[in-house]
Amino acid sequence: MSTERKDFLRRIVEEDLKSGKYSEVVTRFPPEPNGYPHIGHAKAITINFGIARDFGGRCHLRMDDTNPTTEDPVYVEAIKDAVRWLRFQWDGPVRYTSDYFQRLYEYAVELIKMGKAYVDSLSEEEIREYRGTVTTPGKRSVYAQRSVEENLDLFERMRKGEFAEGEHVLRAKIDMASPNMKMRDPLLYRIRHARHYRTGDKWAVYPMYDFAHCLSDYIEGVTHSFCTLEFENNRELYDWILETLKVSPPRPHQYEFARLNLSYTVMSKRKLLELVEKGVVNGWDDPRMPTIAGYRRRGYTPESILAFCDQIGIAKANSLVDVAQLEFCIRDDLNKKVPRVMCVLDPLKVTIDNYDEEESQELEAPYYPHDVPKEGSRKLPFSREIYIDRKDFSENPPKGYYRLTPDQPVRLRYAYIIRCKEVIRDEKGEVAEIVAEYYPDSKSGSDTSGIKVKSAIHWVEANSARRVELRLYDRLFKTEEPKGIEDINPDSLKIVKDALIEPAVIAEKPDERFQFEREGYFYADPVDYSDDAPVFNRIVTLKDSWAKKQKTTKSKPHPKPKTEKKPAQKMQRPSDEAASMGEEEKKLFDYYTRKLGLRSEMASTLARDDVLSSFFKEVLKHHNEPENIAKLVINEVARELKNSQDGRIGFTPAQIAELAEMIESGLISNKIAKQVFEEMAKSEENPRAIVEKRGLVQIADPEILLPIIDEVIASNPGNVKKYKEGNERLFGFFVGQVLKATEGKANPKVVNDLVSSRLEK
RNA sequence: UGGGGUGUCGCCAAGUGGUAAGGCAACUGGUUUUGGUCCAGUCAUUCGGGGGUUCGAGUCCCUCCACCCCAUCCA
């Protein structure tokens, strides 16, 4: 990985590798085998395997199988399939948390011996009560006082299966009053008399996620443990277990990213399961399902899913990705790959009455358009009777209609231009057939007719066409953020039983995915397709700007009202803040405003913060410039204070006073002061010493500055032009360049004046 | 309500004090025997709101607001 922009996880890995924290990156994809993986898993897979690949590391596939009641081998197969289908390869064998049960048990025993874990015999309800709530602390169980020996004995007997489920649990002894609920003596083990699909009846106790996960990561030598946002609160416990057990470094660390949400889709296992169980869809691999198996059956390519995962990025903001982004990815991929063929979804017979009944011919048609660099073609039978799509003919065409009408000829793609002569109706008055004539000299590729048509439509020859079943899939839900079954799109599947397709598709099988020209991308259903009864799934439609235009002209009587800029919300006056101050704070506030003459914003900020306030007063003793000192303390000192975890700061009030003097005297600029600040916080050196050592004295001499400015102006003629054309934001660019050239030492005020006068010329 | 997180275009998302990237969507126009593709172009005077610091703030400080997660013997 070189210099291109990286997501925050890759930056962390890069940093850790550079600093030598780890010599190699090891990640893992750790699903619980209790359901079919979906596109959200694809994101996690791409992240874990992708990062390992990008940094020359390894990625493990681990089944997090600590709950025997929910897991099943069919899911481990589905997960393995999904990873392989996405073209990733896990390092070594598939791993299982259940393989570590013995070691995990030993770690638990160790915790007990350290007095850091105990067997609790409270009931489930009691445990819940004792835990407290998010706002009230919990209280510890009386059983927490059990001796190490008793705990050891009990835990051993739990393991052997001497107790009923729920009778005892093993808990970590941490803090029942922790603000983090996950730290209130979390459960480590519970009794389960269930058969585990791998370990059978060997164990009667099973580790909980929090205990198993960090240790499994550690056992496997994982360095970076990526998971989704909802585990943020679990990180403290993850670290606590590894730290308390004093496992030898290198230790794994957990980082969280936002899980994928897709519009018009549900992603939770529970809701997906409901769809399957209630028969809303036909199983986990129903082409409408967001499962990997579903997309695969629908006809999505692994490349398109990967491209999608790439495009959506990795971040920490909860987001809802537009499904249109996914649709773009599959269209984009298939456009470059698949053969174009003709299939008529809603056949309308056309008899070409000037074409001899006895005659027929074969037309040569390429499988790929001019812009797809692939070779291949097939023969297209042509005769007196053909079928076109019903929507490609209109007796009363709307404005802008390019297709066949009584007055408008059209080209049959790869064949001739035809003209409608007569419309034949059935007893209900509907168009049943069209009688047309063709222009013999308009043959595709050797057209000498001189007739101009607005469009070319697809068609099939009546005798040779094959009847096929088409499954037209649409979004499963009708709302952007569906809650559940109540939001199902009733038209998510339309089955067309008697579409007609050109014979070569069935006979030659040039591919399994096709573009049915002007309709969409289709995939020969891997389960139900047979040569006798071909079935195609619609993967996605083509973009259709005609349909879009129709829709907008039909349903857009009013132009969309431009949303007004929302008016500024209620202003907050500093005096409002003063109102919320306590007695002491108010006194301080008054003192700062009246005696020291500080502005109220500053005064209130100081008055509300003990540490800042006393620091401020200390600095004042060394240098009595309340306003300047207050600014420094409020902005700079406050930052350093926030950034230091332990509340310690690497500088003294006297040093801040010194810094203030240097700024006031013009020795250094504010910009440099910031730099000095950071240096001070780190090195604990005196500001003056830092300035001298690093040569940070401000440059205000035009004699020095002017040549630099001219240089900057000379080397950015484009920006000079833009600036002169009115892009005043660019002013900062020039100043910035000069500052950069002087390593920040130029006096910005002087530079501003100078740049301004130079640019005027 | 305690704690942990997150707010940049309709949807994603870069951005680490010096010109608000990019993709999707949308919208022009061109090419086209697919109303597809492709090509050219348009689309954030502003970053949840308000103050402050600074020559200069999406980035630093203060404050308010909104949303998500945590009280399964699930993961």
Side-chain angles (χ1 to χ4, degrees), chain A residues 5 31-32 34 64 66-67 70 124 127-128 131-138 165-166 169 178-182 184 187 189-192 208-209 213 229-236 256 258 263 311-313 315-322 324-325 328 331 335 340 369-372 400 402-403 411 413-414 444-445 447 453 455-458 515 517-519 542-549 568-574 577 599 601-602 604-605 608-609 631 634-636 638-639 642 669-671 674 719 722 727 729-737 739-740 747-752:
Chain A
R5 257 183 296 271
E32 183 188 14
N34 70 344
D64 204 6
T66 58
N67 185 356
T70 56
E124 206 174 328
I127 287 179
R128 198 165 23 247
R131 190 145 36 212
T133 70
V134 289
T135 47
T136 58
E165 288 187 11
V169 291
S178 170
N180 181 354
M181 296 297 288
K182 295 277 183 234
R184 319 247 262 227
L187 273 61
Y189 271 89
R190 78 290 213 183
I191 297 170
R192 277 288 112 95
M208 302 288 289
Y209 165 84
H213 206 94
L229 251 27
E230 65 268 28
F231 291 99
E232 277 171 327
N233 296 320
N234 300 57
R235 188 177 57 232
E236 192 179 355
E256 309 86 14
S263 63
Q311 282 182 17
I312 57 176
K316 294 191 77 166
N318 287 311
S319 58
L320 180 67
V321 177
D322 193 338
Q325 186 108 23
F328 166 81
R331 284 192 191 107
N335 175 50
R340 272 62 168 172
H370 67 278
D371 47 7
V372 173
Y402 294 165
R403 285 102 103 146
R411 172 174 296 281
R413 189 144 158 88
Y414 307 118
S444 184
D447 182 356
V453 290
S455 74
I457 62 172
H458 59 289
Q515 184 193 104
E517 290 204 54
R518 306 208 303 133
E519 293 290 352
L542 254 32
K543 265 176 79 176
D544 189 349
S545 53
W546 169 240
K548 198 154 48 188
K549 201 160 120 197
Q569 289 176 357
K570 187 179 71 177
M571 291 258 279
Q572 243 126 18
R573 304 258 107 244
E577 295 169 26
R599 290 209 309 276
E601 308 92 49
M602 288 193 220
S604 83
T605 305
R608 292 150 168 278
D609 191 316
K631 283 177 184 171
I634 289 170
N635 291 298
E636 318 297 309
R639 183 182 60 248
K642 271 209 318 200
S669 64
N670 270 293
K671 190 186 178 77
K674 288 215 167 171
N719 280 342
K722 278 195 249 170
N727 188 348
R729 279 180 286 178
L730 244 26
F731 191 79
F733 163 76
F734 293 107
V735 178
Q737 291 296 306
L739 267 294
K740 198 190 249 171
N747 180 324
K749 279 184 197 136
V750 177
V751 173
N752 264 279

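Not measured: the values here are computed from a predicted model. Sequence lines set the chain letters: A, B, ... in the order given, protein chains first and strands last, and positions in each chain run from 1.
- Rounded to the nearest Å, the gap between the P atom of B:G18 and that of B:G56 is 15 Å.
- B:G36 and B:U42: their C1' atoms are spaced 22 Å apart (whole Å).
- Look at A:K548 and you'll find a side-chain N or O under 4.0 angstrom from OP1 or OP2 of B:C27.
- Separating the CD1 atom of A:I312 from the P atom of B:C12 is a distance of 11 Å, rounded to the nearest angstrom.
- The A:E32 side chain lies nearest to B:A75 when the options are B:G2, B:A75, B:G35.
- Side-chain nitrogen and oxygen atoms of A:R331 include none within less than 4.0 Å of the OP1 or OP2 phosphate oxygen of B:G36.
- In this structure, A:R184 reaches neither bases nor backbone, as no heavy-atom distance under 4.0 Å exists between it and the strands shown.
- Among the heavy atoms of the strands lying under 4.0 Å from A:F328 are primed sugar atoms or P, OP1, OP2 only; no base atom is included.
- Counting distance only, with no hydrogens placed and no angle test, the side-chain atoms of A:N318 and the base atoms of B:G7 include no donor-acceptor pair under 3.5 Å.
- One finds a side-chain N or O of A:R190 lying less than 4.0 angstrom from the OP1 or OP2 phosphate oxygen of B:C74.
- Comparing B:G35, B:U37, B:C11 against the side chain of A:Q325 picks out B:C11 as the nearest.
- Ring stacking is absent between A:Y209 and B:A75, as the pair misses the limits of under 5.5 Å between centres and under 30 degrees between planes.
- A:R413 comes within contact range of at least one nucleobase, with a heavy-atom separation under 4.0 Å.
- Among the atoms of the strands shown, only primed sugar atoms or phosphate atoms (P, OP1, OP2) are found under 4.0 Å from some heavy atom of A:S545.
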Query raised in the report: Where do A:I191 and A:V169 land on the side chain to side chain contact (heavy atoms under 4.5 Å, CB included) test, with the steps shown first?
Result: CA-CA 7 Å; A:I191 297 170; A:V169 291; over 6 Å; no
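- Stacking between A:F731 and B:G56 is absent: the aromatic ring centre is not both under 5.5 angstrom from the base six-membered ring centre and within 30 degrees in plane angle.
- Counting non-hydrogen atoms under 4.0 angstrom, A:I634 reaches the backbone sugars and phosphates but no base.
- Within 4.0 Å of A:Y189, counting heavy atoms only, lies no atom of the nucleic acid at all.
- Within 4.0 Å (heavy atoms only), A:R403 reaches at least one base atom of the nucleic acid.
- Counting non-hydrogen atoms under 4.0 angstrom, A:D64 reaches the backbone sugars and phosphates but no base.
- Taking a cutoff of 4.0 Å between a charged side-chain nitrogen and a carboxylate oxygen, A:D447 and A:R411 qualify as a salt bridge.
- Salt-bridge check for A:E232 with A:K316: passed, with a basic side-chain N closer than 4.0 Å to an acidic carboxylate O.
- One finds a side-chain N or O of A:K642 lying less than 4.0 angstrom from the OP1 or OP2 phosphate oxygen of B:C61.
- Using the six-membered ring where Trp is involved, A:W546 and A:Y402 have ring planes that are parallel, under 30° apart on the 30 and 60° scheme.
- Across B:U53 and B:U63, the matching C1' atoms stand 15 Å from one another, rounded to whole Å.
- Minimum atom distance to the side chain of A:K749 is reached by B:C55, of the listed B:C55, B:A75, B:G36.
- Judged by distance alone with a 3.5 Å cut-off, no donor-acceptor contact links the side chain of A:K316 to the base of B:G7.
- A distance of about 43 Å separates the P atoms of B:A75 and B:G17, rounded to the whole Å.
- Look at the C1' atom in both B:U34 and B:C68: the space between them is 45 Å, to the nearest Å.
- Of the candidate nucleotides B:U72, B:A13, B:C62, B:A13 has the atom lying nearest to any side-chain atom of A:S319.
- A distance of 10.0 Å separates OG1 in A:T66 from OH in A:Y189, rounded to the nearest 0.5 Å.
- Looking at heavy atoms from C-beta onward, A:F328 lies in side-chain contact with A:Q311 at the 4.5 angstrom threshold.
- Set against B:G36, B:G35, B:C73, the side chain of A:L542 has B:G36 as its closest nucleotide.
- The side chain of A:V735 has B:G18 as its nearest neighbour among B:C24, B:U72, B:G18.
- Using a 4.0 Å heavy-atom criterion, one finds that A:K543 contacts the sugar-phosphate atoms exclusively.
- Syn is the conformation of B:U72, whose glycosidic angle sits no further than 90° from 0.
- Looking at the side chain of A:L187, the nearest of the listed nucleotides B:A71, B:C73, B:U53 is B:C73.
- Here the separation of B:G48 from B:A20, taken at their P atoms, is 16 Å to the nearest Å.
- When heavy atoms are screened at a 4.0 angstrom cut-off, A:D371 is found touching base atoms of the nucleic acid.
- The base of B:G4 lies outside donor-acceptor range of the side chain of A:R235, with no N or O pair under 3.5 Å.
- Judged by distance alone with a 3.5 Å cut-off, a donor-acceptor contact links the side chain of A:Q515 to the base of B:U34.
- Of the side-chain N and O atoms in A:R518, one or more sit less than 4.0 angstrom from OP1 or OP2 of B:G35.
- Nucleotides B:G58 and B:U45 place their C1' atoms 14 Å apart, quoted to the nearest Å.
- Taking atom C1' on both B:C47 and B:A57, the two are 11 Å apart, rounded to the nearest angstrom.
- For the pair A:Y414 and A:H458, the minimum side-chain heavy-atom distance is 4.5 Å or more.
- Interface remark: the A:D544 side chain does not form any donor-acceptor pair with the B:G36 base, using a distance-only criterion of under 3.5 Å.
- Distance CE/A:M602 to NZ/A:K631: 5.0 Å, rounded to 0.5 Å.
- For A:T136 and B:G2, the shortest distance from a side-chain N or O to OP1 or OP2 is not below 4.0 Å.
- With hydrogens and angles ignored, no donor-acceptor pair closer than 3.5 Å exists between the side chain of A:E236 and the base of B:G4.
- For B:U33, there is no paired nucleotide, since no Watson-Crick or G-U wobble pair has both relevant distances below 3.5 Å.
- Within 4.0 Å of A:Q311, counting heavy atoms only, lie sugar-phosphate atoms of the nucleic acid but no base atom.
- Side-chain atoms of A:N752 and base atoms of B:C55 include a donor and an acceptor less than 3.5 Å apart.
- Using a 4.0 Å heavy-atom criterion, one finds that A:F231 contacts the bases of the nucleic acid, with or without backbone contacts as well.
- A sub-4.0 Å separation between OP1 or OP2 of B:U54 and a side-chain N or O of A:K671 is absent.
- A salt bridge is defined here as a Lys NZ or Arg NE, NH1 or NH2 lying under 4.0 Å from an Asp or Glu carboxylate O, and A:R235 with A:E256 meets this definition.
- Looking at heavy-atom distances under 4.0 Å, A:G138 makes no contact with the nucleic acid at all.
- Backbone-only engagement by A:L320 is indicated by non-hydrogen atom pairs under 4.0 Å involving sugar-phosphate atoms exclusively.
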